[in-house]
Every structure is written in structure tokens, then in C-alpha cells.
Amino acid sequence: MSKSKAGLDPEGIAPTQDVDDQVIAEKVIEHDAVFGQITEDGPNFRDVGWIGTTALMMKTQIGLGVLSMPAIFNVLGIIPGVILILVIAAITTWADWMVGVFKLRHTHVYGVDDVGYMLFGRMGYELFGASFCLLYVFVSGSAILSISIALNALSTHAVCTAVFVAVSAIAGFMFSSIQTLGRISWLAWIGAFCIIVSVFVVTIGVGVQGHAPMTAEGIIPVSDYKLFNNPTFAEAISAVSTLVFTYSGAPAFFSIVAEMRDPRLYTRALYICQSTVTTIYIVIGVVVYYYCGSYVSSPALGSAGPKIKKAAYGIALPGLLVSAVLFLHLSAKHIFIRILRGSNHLTTRTPIHWVTWFGSTFTVTICAYVIASGIPVFSTLVALIGALLGTLLTFQSTGCMWLYDNWKVSKEERTWKWKLGVAWSIFVVVSGMFLMVAGTYGAIVDILNSYRTSGGSAAWSCADNSNS
């Protein structure tokens with residue numbers, strides 16, 4: 001196994017040659033193809049075990065996705081909803097698997113921007129890097145927005161919503177400044193557990209007592225759930241984009257696998273993550289929508305009445321905070337490594353190291369805060385980022401990754417298995433392009449409709465965003 005350091009090109013963007021497959025299973029790592037020299041004097045960026053990886057991957061996807069699932073069923077109907085979940089889960093599981101394979105083959109890759117450089121040169125590097133940052137800054141804004149909804153629900157809108165958004169952003173900044181994913185992984189377990197428990201509380205609540213709201217006479221209307229719904233194209237494609245967003249963990253998984261002690265165990269963590277997430281999505285989505293019908297809330301925690309709503313948001317609040325922390329951290333880490341990569345400041349606690357790190361987390365938090373305040377409609381924000389950026393970095397990028405590694409083979413190697421791989425990769429790329437264009441259109445239509453309804457008054461306002 002080669003122990004040589006991967007050289008950088010003159011611009012410091014990507015190695016001029018690939019290093020051999022390098023897997024380091026020991027806890028203490030002296031040198032890494034991404035982070036360089038790792039010593040006891042600096043943070044250990046390679047200290048995440050496979051169990052912690054499972055928690056981080058689950059939290060990346062389930063944190064906000066499960067809260068949108070019943071609303072997806074409300075648009076599509078139960079049967080199309082289940083079918084689409086299974087289809088999207090299958091495609092994205094393959095895409096996520098490609099992340100691990102590509103990382104082991106090209107150990108210098110840290111993020112999806114490095115993939116973009118290998119595929120399309122400097123233009124791909126800039127495009128994929130900017131898309132990654134935008135995606136997770138928007139996701140961070142969505143997470144901050146969900147925290148403000150929780151605080152409004154728990155306090156019955158005790159203060160201005162703008163204050164809750166600011167408090168959420170400050171808390172997110174403080175915890176996201178923890179430097180390594182190894183130290184955040186235990187928070188991910190707490191966050192995933194809280195989110196899962198809270199949605200099951202709502203699921204049990206709507207099954208036992210019925211959904212909200214009641215009529216003036218205290219009567220709960222009968223659920224009007226549908227096996228097949230009849231949405232417009234914009235509504236349907238927006239719901240599918242939201243579903244894609246709930247599975248768009250692939251770009252973040254690059255950052256997670258890069259900090260694993262043994263990246264060979266990535267696939268084990270992935271299969272546990274995907275099977276657990278898919279099961280929860282289907283159970284929660286079907287049961288809550290079955291009992292609520294069109295009365296389902298988005299986020300789903302408000303679907304069972306005011307008492308259960310407060311209980312659910314109280315349980316979910318730590319999980320929502322961890323979602324914001326994780327997404328802010330990933331965005332800031334991307335910027336941090338891009339600035340300091342190749343220098344000793346990356347893994348040495350120098351003044352430049354700290355200024356760059358806190359500057360990255362602060363900048364990302366401010367951007368997420370502006371997004372959370374300016375686009376206050378939870379469901380449409382999720383659909384927009386899922387369509388515009390989630391598909392690009394989950395579908396198109398991974399399809400191109402397989403073609404990059406497998407296209408140039410001899411005629412003898414072009415077996416039926418290779419041909420199926422080519423066809424599948426092209427299908428993933430083409431379907432991603434369709435979902436990106438059509439989904440962005442549907443999300444923009446939804447956002448414009450919501451602004452026509454509210455007159456834009458919900459943006460930067462004190463209005464209650466939890467319907468308390």
C-alpha cells in the first residue's frame with residue numbers, strides 16, 4: 001500500500017495523480033490524503049466509527065425529511081406515495097453506495113467539488129462546490145425555521161417569530177462550531193432518537209384521538225385520505241422533489257466517509273441507514289396521512305391537536321437543533337477545508353486555523369438565518385432545495401462517477417454487466433435532469449402561490465409560523 005502524499009496541481013485543487021487505495025483502520029492516523037499530517041496537537045479529523053457514521057447518515061436524511069412525509073402522501077395519495085418512496089430509496093441507495101466506492105478508489109476526494117474537478121475540470125469544481133454550499137445552507141435555513149416553529153408551538157407564540165429564528169441561529173452557530181464529526185456523532189444519535197420518538201407520538205396520537213383541527217362543535221371531521229390523488233403537475237413534481245430531498249444525503253456522505261477511521265465499513269452503515277429511514281418514512285407517512293387526510297400539517301408534528309403538538313415539539317426540539325448543527329457544520333467544514341487545504345493550518349491550532357473556522361461557521365449561519373427569515377414556508381423551501389440542488393448532487397454526480405471509473409474498458413470487458421451499468425448510470429443522470437428542471441418549476445410555482453396568499457407578509461415578520 002502506498003504511503004506517499006498525493007500531490008496537488010498548481011492551483012491546489014486536486015491531485016495530479018491518484019494515490020493507491022488507502023484504508024487506515026487504526027484510531028491514530030499520522031497522514032491523510034485529504035487532511036494531511038494529523039498530530040495530537042490538532043483536531044483528529046479521522047475519528048468517526050461505523051456506528052457513529054450510521055447516526056450521522058440517518059440524521060442527515062431523517063431530520064427534516066420525516067416531517068414532510070405525510071404532506072407528500074396528501075399530494076400523491078397512499079399507493080403512489082409508497083411506490084415513489086421505494087423507487088427513490090433504491091436509486092439513492094445506489095448513489096450513496098457509489099460515494100463509498102469512489103472514495104476508496106480516489107482517497108484524495110473530500111467533497112463533491114473534488115468529484116466535479118475530476119469529471120469536468122475547474123468548471124465542475126466550482127459548480128459542484130457552490131451547489132454543495134448552497135444546498136446545505138438552504139437545508140440549514142430550513143432546520144432553523146423548523147426550530148422556530150417548535151419554539152412557537154411550545155410557547156404558544158410568546159414572542160415575535162423573528163426572535164425565535166435569531167435564537168435558533170445563535171444556538172446552531174454555537175454547537176456547529178464543534179470541529180470534528182467524531183465529536184458530533186453522539187449528538188446525531190440523540191437527534192435521530194428525538195425526531196423518531198416525536199413523530200411516533202404524533203402517529204399514535206392521530207390513531208387514538210384523531211387529527212386536528214376540530215370543528216367549532218368539538219367534532220373531528222372524518223379523514224378524507226385517498227389511495228390515489230389527482231394533483232396538478234406542479235403539485236405532483238413538487239412533492240416528488242420534496243421526496244428526493246429527504247434522500248439527498250449523498251453529497252454530505254462524502255464529508256462523513258472522509259472522517260471515518262475505516263472507510264471500508266461505510267457500506268455497512270449505509271445499508272442500516274437506508275433500510276431504517278425507508279421503513280420509518282413509509283410507516284409514518286401512511287399512518288399519519290391515513291388518519292389525517294387533507295388535514296395533515298407540514299411539518300407533521302402539528303397534526304394531532306394542541307396538547308400532542310406541544311409534547312411532540314418538546315421531544316423533537318433537540319433533534320431539530322441537531323439537524324441545524326449538522327448541516328451548518330458540513331457547510332462550514334467545506335469552506336474551511338477549501339481555504340486551508342494543503343497548509344499546516346488545517347490540522348494545527350494556529351490563529352489562522354481558528355479565525356478561518358469560526359469565520360466559516362459564522363458566515364454560513366448568517367446566510368441560513370437570512371434564508372429562514374426570507375422564505376418562511378417550510379414545505380416549499382424543502383421542495384425548492386430538493387429539486388434544484390439535491391438532484392444535481394445525488395443523481396447526476398453519482399451517475400457520472402460510475403461512468404468516469406468504468407467507461408474506458410477494453411472490448412473484452414464490455415460484458416452484459418458493464419452494459420447494464422452504463423444504461424443504469426445514464427438513466428440516473430437523465431432522470432436527475434428531469435427532476436431538477438421540473439421540480440424547480442413546481443417549487444417556484446408553490447412559492448409564488450404562497451406569497452400571493454400571504455402577500456409576502458410572513459417574511460421577516462413576527463407572525464406565528466406554528467399555527468398555535
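Atom OG1 of T363 and atom CZ of F173 lie 9.5 Å apart (nearest 0.5 Å). Atoms CG and CD1, on L317 and I149 in that order, are 12.0 Å from each other to the nearest 0.5 Å. Taken to the nearest 0.5 Å, the CD1 atom of I256 stands 8.5 Å off from the SG atom of C273. Here the straight-line distance linking atom OG of S168 with atom CG of L151 works out to 5.0 Å at 0.5 Å rounding. Here L326 contributes atom CG and L321 contributes atom CG; the two are 11.0 Å apart, rounded to the nearest 0.5 Å. Separating the OG atom in S425 from the CE atom in M401 is a distance of 10.0 Å, to the nearest 0.5 Å.
Side chain to side chain, T156 and K310 meet the donor-acceptor criterion of an N or O pair below 3.5 Å. Y247 and T278 share a side-chain donor-acceptor pair at under 3.5 Å.
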Problem set entry | Stepwise side-chain contact (heavy atoms from CB on, under 4.5 Å) test for L86 and I282 | CA-CA 9 Å; L86 295 175; I282 292 175; 3.8 Å; yes
Exercise. Can you list the steps and then say if L320 with L67 is a side-chain contact (heavy atoms from CB on, under 4.5 Å)?
Worked result: CA-CA 10 Å; L320 298 173; L67 302 183; 3.7 Å; yes
Problem set entry | Derivation of the side-chain contact (heavy atoms from CB on, under 4.5 Å) call for V101 and Y266 | CA-CA 9 Å; V101 171; Y266 167 85; over 6 Å; no
For this session: Evaluate side-chain contact (heavy atoms from CB on, under 4.5 Å) for F395 paired with M436, printing each intermediate quantity in order.
Result: CA-CA 10 Å; F395 284 65; M436 183 174 71; over 6 Å; no
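Within 6.0 Å of CZ on R268 lie more than 12 heavy atoms contributed by other residues, nucleotides or ligands.
Counting heavy atoms from C-beta outward, L393 and L135 have side chains that approach closer than 4.5 Å. Within the 4.5 Å cutoff, the side chain of Y125 has heavy atoms near those of the D114 side chain. Considering only heavy atoms from C-beta on, Q396 stays 4.5 Å or farther from F128 through its side chain. Taking the side chain as every heavy atom from C-beta outward, S142 and F327 never approach each other to under 4.5 Å. Two residues are said to be in side-chain contact when any heavy atoms from C-beta on lie closer than 4.5 Å; F73 and L84 fail this criterion. Annotation: side chain of W357 is not in contact with side chain of L340 (no heavy-atom distance under 4.5 Å). Within the 4.5 Å cutoff, side-chain heavy atoms of Y404 are placed close to those of H106. Two residues are said to be in side-chain contact when any heavy atoms from C-beta on lie closer than 4.5 Å; W424 and W402 fail this criterion.
Here the options are T53, V48, L56, the test is side chain to side chain contact (heavy atoms under 4.5 Å, CB included), and the partner is E259; only V48 passes. Screening V137, L328, V370, I170 for a side chain to side chain contact (heavy atoms under 4.5 Å, CB included) involving T365 leaves a single residue, L328.
Under the 3.5 Å distance criterion, the side-chain polar atoms of T394 are left unmatched by any main-chain donor or acceptor of T391. Proximity of a side-chain donor or acceptor of S148 to a complementary backbone N or O of F164 within less than 3.5 Å is not detected. Side-chain atoms of Y291 never come within 3.5 Å of backbone atoms of Y225 as a donor-acceptor pair (strictly under, hydrogens ignored). Panel note: side chain T348, backbone H345; no donor-acceptor pair is recorded below 3.5 Å. The backbone N or O of T246 sits less than 3.5 Å from a side-chain atom of Y281, completing a donor-acceptor pair. The backbone N or O of G319 sits less than 3.5 Å from a side-chain atom of K59, completing a donor-acceptor pair. Remark: side-chain polar atoms of K103 are paired, donor with acceptor, to backbone N or O of V109 under 3.5 angstrom. A donor-acceptor pair under 3.5 Å is absent between the side-chain atoms of T107 and the main chain of L104, judged by distance alone. Side-chain atoms of S238 do not come within 3.5 Å of backbone N or O of E235 as any donor-acceptor pair. Within the 3.5 Å criterion, the main-chain N or O of P231 finds no donor-acceptor partner in the side chain of N229.
Shown here for I62 and I196, the closest heavy-atom pair between the two residues is CD1-CG1, 3.9 Å. For the pair S198 and I195, the tightest heavy-atom approach, listed with the atom from each and the gap, is OG-O, 2.7 Å. Nearest heavy-atom pair across T60 and G249 is CG2-CA, 4.3 Å. In this structure, I85 and M69 approach most closely via the heavy-atom pair CD1-SD, 3.7 Å. Considering every non-hydrogen atom in both G111 and F254, the closest pair reads CA-CB, 4.1 Å. Here the shortest heavy-atom pairing between Y136 and P251 reads OH-CG, 3.6 Å.
Using a 30° and 60° split on the angle between ring planes, W354 and F358 fall in the parallel class, below 30°. Relative orientation of the H353 and F336 rings is perpendicular, given thresholds of 30° and 60° on the angle between their planes.
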